[in-house]
Each structure stands twice: as C-alpha cells, then as structure tokens.
Amino acid sequence: MGSAALFEAAKSIRDWSVNASRTASAPPATGADVFGKLVFNDKVQQERLPKPAYRALRATITRGEALDAATADAVASALKDWAVEHGATHYTHWFQPMTGITAEKHDSFLVPTGDGTALAEFRGKELIKGEPDASSFPSGGMRSTFEARGYTAWDPTSPPWLHMNGNSATLVIPTAFVSWTGEALDKKTPLLRSMEAVSRQAVRVLKLFGSTAERVFATCGPEQEYFLIDRNFYFARPDLINAGRTLFGAKPPKGQELEDQYFGSIPERVLQCMAETELELFKVGVPVKTRHNEVAPSQYEIAPVFENANLAVDHQMMTMETLQRIAPKYGLSCLLHEKPFAGVNGSGKHNNWSLSDEFGNNLLGPGDTPHENMQFLVFCAAVIRAVDKWQGVLRASIASAGNDHRLGANEAPPAILSIFLGEMLTDIFEQIEKGSAKSTKQGGTLDVGVSVLPKLPRDAGDRNRTSPFAFTGNKFEFRAVSSGQNISFPNTALNAAMAESLDSVATELEKATANGGDLKAAVGKLLTKIIKEHKRIVFNGNNYAAEWEKEAGKRKLLNLKNTVDALPQLVTKETLGLFDKYKILNEREMHARYEIFLENYNKTVNVEGQLMVLMANRYILPAALIYQKQVAESVAAVSKAGGRSASGKKLLSAYTKLVDQFKAQADALETLLEHSGGSAEKHAKYMRDKIVPAMAKLRDLGDQIEVETPHEIWPLPTYREMLFVK
C-alpha cells in the first residue's frame, strides 16, 4: 500500500503538471478586481439600503445601538435581492458551536404561492433569528439532550457573504448561537461580550488622557500554519483521516535539520493552490496578505492584516475551510492539526492582538518616543499586569490534546506563559521602576557593507520567536495558540484579562486625579507599582532553554505542562469571578466549557488509542509477519543447503522479539482503553497517565518495525514520502 500510494502520488503530480501547462496561458484574476465582490459590505449596503436604514445599521455596527424591526426588514429585503441576483437560492445562519468548527442549516428563499408558482422572500425576523435543532451540539450539561431549542442571532458586525459551490450559491449570515435560556452555546457570543467589556474599561482610561472615543475594539490578525501533502498519501493513512495526525511514523533520514524549507521557493503545485485559495478568500473579503514556506518540509503559512477581532475570527474560520476545500483540486490534503508529524515543527496560529479606538488609533502603538507616550505606557503596563495575573486562564485557553504534542517542542513556545518586551521597552520600564523614563533606545541605521545596498533603519531590539507572548512593535503576539483551534476563546480570555486590568488601572488613576491631582504623577506612580509587582512575567531570553524552566520556577510562574493540568484554571474562584464580573460567561456557562474541553480531550485520546490498536493489528502486524516469514524461509533455505546464516538468524531473532513486543503492547493498550466510569476529571487523568504513555511506547515499537521492514511490504506512506513528495 505504501508503494502504491507513492506511485499514485507521482502519477497525480505528473498529470497535474501536464494539465497545468495546458491552462497556464489563462490570465489570473487580480485580488483588487475581486476583493469583497461576494460580500454584503459597507459599499453594497450604502448602495442598496434606504438612507435611514443604512444609518441605523451603521450605528449598530459602530456604536452598538439596538436594531429596530423596520431596519431589519429593510436590510433583509436588500440582502435577499442582492443574493438572488448573484444566483443564491438558499440562506444559512452560520454559527460556531462548542465543537470548535462551524455549523449551518440551509433554508430556501422560495415560498410557494397559491397559483402554483413561488416567490423569493426573506423578512427581518428570518434575518435576525433562526432556530436550528440544538440538542446534538455540546452544551457541557447546560441543557438535557431532549431539550432541542436553540437560537441563532444575526451578528451585524460581521457582514453576510455568498458561498459559491459548483451549481449552488448560498447567502451566509454570521450569527451567535444561544439556548432557550439565553446562555451561550457557541464561541462568538462570549467573544462579543468580552469585546464590550474591554471597550468599556479602555474608554475610561482614554478619557483620562483627553480622548473623545466612545468605543474601543479588540483587533487581531491570526497567522495560520498548515501542512499540504499529496492526497494519495492522505487516503492511505487511516490516522490522518481519522485523527488528523500520524500515530506511527519513523523519523526520516532528512527532516528539517538543514533548515532549507524556511522561506524557500514554494513548489509550483502548492503555489497554484495558495493562489486559488487567496483568490477565493479575497472574494469573500478576507484580507490575506502573506504566504511562505514554513520551517518543516511541506509546511506553509498564510496571514491576514489586522481586523476587528470578531470579524477576524469569522475570517479565520473561513480561511481554514477554504484551505481544506481548495487543496483537493490540486491533488493535495490540508492538515491543520497542531502536530501532524513527529520530530518536525508543529503548526501554530500566532494570534496578533491589539486595541484600537473608533478613530483607528492603535492603543499599543508606541510612537517615536515611547518614554514620553504616557497613554501607550499605561496600556502596555496593563497588558503586562493582565498576562501575569491571569496566566492560568490564558494557558487554559489554548489547551488541547493536540497542542500537548506541540508546546515546548520543535520551536514552539513552552507551556510557561511569559512576555517578551524587547530591549527598547524593557529599558523604558526599567527606567520607570527606578524613578522616571528619560530616553528611548534607538536602533539607528544598519550598514550591510555593500555600497549599492541602502542603509536600513534598524529596530531598537531584535525579535524573540521563542516567546509565547511577544511585543512585536505595535501589538502583542500570542504565539501559543494552536493551528487547528477556533481562536475565539483565546481572544475572549485575553479580552477578559485586559478588561480587569484596565478596570484596575482606570480606577486607580480616576481616584488619583479626582480632586485635581496631577495625571503625570499618578501615571508614574501606577507604572512603577505595576512593574515591581508583575515584572516576573517579562522574559527576553531563550524560552526553549532548560534554564528558563528553572528560572520560571523561581519566579513562581505557572508551568502547566498539559491539558489536564491547565483546564482546572478555568473554574477557579478567581477565574469564575473574572468572567462573571464583566458579564462574559456566568458560572454555569464557564463550567460547561470546562466540561466540554475535558470531554474533548478524553474523546480525542480515546479515538487515537483505538486507531493505534486498529493500525497495529490490521496494517503493521500483518506486514511484519510477512517479512518475518520471508526471513525465516531464507534462514531455513540456507540451512537446508548446508550453509550457515548467522546474520539471518540474528535478524530473525531480533525481529521476532520486536514483533512480539509490539503485539503485546498493542494488546496492553487495547485493555487499557476499556477503562470507564468515574468523573470526567478522573478519566482525563487516566488518559494522560496511562493511555498517552502506552501509545508512545506502542509508537516507538511500531517505528522500529518500520525501519527494519522492506519498503515494498510496508503498508503505510512514510515520512520521507509524505513530507518530500510535492
């Protein structure tokens, strides 16, 4: 099977190359020509809506004002006409349940009339509210399975768009998803609540500095890493199909050690796949900007520009879905798992996060003289305080069975949260701690020593790609977020932590300046206090070094090495109080998420364990026994001919012992997987302490067998094929 998959992969590449050369003369559409053409965006709204309805909708989007029924009807009518003109026959309320992916139920615009014909209708109440069956979505105990009612609520801040798919066009309406009791059953609702919370507190701080802004938006730009492998290999690997990662796979002779993939020339087939993906994303308004080879072989990255965090989350889900939809057209499969291949880089989703006021001012932009920019220093200090105080919930927000394989391995951030500030900001805060900041380090210019090359402006400090939470010039990059997850919850947790931090900052400054107190003096005192209390979270060194783990222990930073250790941070008294105080998630909603995350961990590990047993018994063991028989027959033939086969006997003995150990370990894992009963917490600890180590041991034995077994017998595509046949 492994050889057959390799043959089919080579054939598909050859056939693709021939077909690609035939169509190469067709001029590609440009992003500027098609950007947003399938989006009911501001331009389309302005053209199609009556002026009163347009103004009311913009007030809802920009200022959070309630939308009345008449405006909803006007928007629905214009939306329907626009969608039908583009060939749409159906609409769907598109939402993000606690599965972590998206969900949709399609309804037709057509309504039968009495004369045997039909009309296209779409009313405001259908735009605002949908009612999908909610019984089968994860709820964490917030509802019984027989209670099926759930509501989708239109999110006006994320514009509707058209999904074109072959012979169909569907109007997609981004929505929130709540239960009959009003509790959040999705990822979007808490995110929107957290954005409201951080906005309220940020506005309080801004008013102290004379700003007239009434709203502040959390913004983000998530960088998506992913793997592309030939589709023939994907279909020949049951572990990739069912678990998203390889459960067996020996280390290839060449991996990423030569570092020749990073920013290397993009393979032609991959580049064409990227180009079509980007074009499709441009059409639906996703502002993707960057593409490149990543560190691991067959690993790539796509990154957008900054947007409102809610819109960025929707666009990120659309990006993942589009990558997986377009890749098969080029004979490829897109892998979004955090660690699809052992021994090489896993995939993250670097979540670039900042705050911006309604006038477009980035509140984490330091300016030319950051030491004089009090407002920036206050917001930056608030981030330092937030990450230090709420490091537990931030760590838990990115915890998963998949991310456990990635964090701390092969250039991924460790499980310990820390902040990289860089030389410039670190120097400023050190000056403040000692008294006051009087200067900003400047980078000057960089002369590369070649006369024809320009002198480059140099940043005041280098970057640190080992940090899980790094300041990168005008934003913070939460690098520990994993590639396959919905980024709503990490951003919700970050917004919640920041809301509490800004609340504390605003309260202290308001108190200090209430009776004519000097703002500058109050800020200086506040910054000094925050730095002294929270500087332990700042670390500019190598986060991969073993010494850092020891140093972090001395600083009493949390070191939650796996999901089972991290998730209880979601339900501490302090965390529950944080989310409830700012009306993001009540105690019941928070406990529900804890239960869902635990259940997801248990089910993921169980699926992988069952898959390993299946692959061991149906794929690897039969192949091993074939080779064992061949060696035994060879030894017997030599002996029968009167010869001696010392090497053959040695090989047979060692291989037989290895196969026996492998079978015994597969049986042991199968027995361990029969465990049941107890609470979700106890079961998760059992999975971590018993199943995961047993799986690792079985994998090690299986990988040893792969190395010893002839290629023509081995039933699975190998790493040296999957990673390098492009």
[Y] and [X] aromatic ring geometry - parallel, tilted or perpendicular at 30°/60° bounds:
X: Phe282; Y: Phe35; answer: tilted
X: His337; Y: His405; answer: tilted
X: Trp161; Y: Trp94; answer: perpendicular

Could you check Phe597 against Phe489 for ring-ring contact (aromatic ring centres under 6.0 Å, His included), going step by step and ending with a plain yes or no?
CA-CA 11 Å; Phe597 293 152; Phe489 194 59; 5.6 Å; yes
Just verifying a value: how many Å separate [X] [atom1] and [Y] [atom2], rounded to the nearest 0.5 Å?
X: Asp565; Y: Leu558; atom1: CG; atom2: CG; result: 10.5 Å
X: Asn293; Y: Lys726; atom1: CG; atom2: NZ; result: 6.0 Å
X: Leu191; Y: Asn495; atom1: CG; atom2: CG; result: 6.5 Å
X: Ser347; Y: Phe341; atom1: OG; atom2: CZ; result: 9.5 Å
X: Ser356; Y: Leu364; atom1: OG; atom2: CG; result: 10.0 Å

Side chain of [X], backbone of [Y]: donor and acceptor closer than 3.5 Å?
X: Arg395; Y: Ile416; value: no
X: Arg269; Y: Tyr330; value: yes
X: Ser354; Y: Lys475; value: no
X: Ser400; Y: Asn403; value: yes

Output all residues satisfying side chain to side chain donor-acceptor pair (under 3.5 Å) with Glu549, sequence neighbours left out; order by chain, then residue number.
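For Glu549 the side chain to side chain donor-acceptor pair (under 3.5 Å) partners, ignoring immediate neighbours, are Asn559, Lys561.
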Who are the side chain to side chain donor-acceptor pair (under 3.5 Å) partners of Lys254, not counting sequence neighbours?
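Listed in chain order: Asp260.
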Is a salt bridge present between Lys550 and Glu547, judged by a nitrogen-to-oxygen distance below 4.0 Å?
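No salt bridge links Lys550 with Glu547.
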So, are Arg699 and Asp239 salt-bridged, with charged N and O less than 4.0 Å apart?
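The answer is no: the pair does not qualify as a salt bridge.
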[X] side chain to [Y] side chain, donor-acceptor N/O pair below 3.5 angstrom:
X: Ser418; Y: Asn543; value: yes
X: Asn308; Y: Asn310; value: no
X: Gln224; Y: Ser483; value: no
X: Gln96; Y: Asn486; value: yes
X: Glu423; Y: Asn540; value: no

Check whether any side-chain heavy atom of [X] lies under 4.5 Å from a side-chain heavy atom of [Y], and answer yes or no.
X: Val481; Y: Ser397; value: no
X: Leu494; Y: Phe476; value: no
X: Gln256; Y: Asn345; value: yes

Considering non-hydrogen atoms only, spot the tightest contact between Phe471 and Gly473 and give its length.
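Residues Phe471 and Gly473, closest heavy atoms: CZ-O, 3.3 Å.
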Any salt bridge (charged side-chain N to carboxylate O under 4.0 Å, His left out) involving [range]? Give me the pairs, sequence neighbours left out, ordered by first then second residue.
range: residues 341-352; value: none
range: residues 299-320; value: Lys188-Asp314
range: residues 240-250; value: Arg245-Glu608

Within 6.0 Å of NZ in Lys37, more than 12 heavy atoms from elsewhere
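Open: at most 12 neighbouring heavy atoms sit under 6.0 Å from NZ of Lys37.
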Decide yes or no on ring-ring contact (aromatic ring centres under 6.0 Å, His included) for Phe420 and Phe539, but give the supporting numbers first.
CA-CA 5 Å; Phe420 168 79; Phe539 179 67; 9.4 Å; no
Side-chain donor-acceptor contacts of residues 320-328 below 3.5 Å, not counting sequence neighbours, with atom names and distances?
residue : atom : partner : partner atom : Å
Glu321  : OE2  : Thr102  : OG1          : 2.3
Thr322  : OG1  : Met318  : O            : 2.7

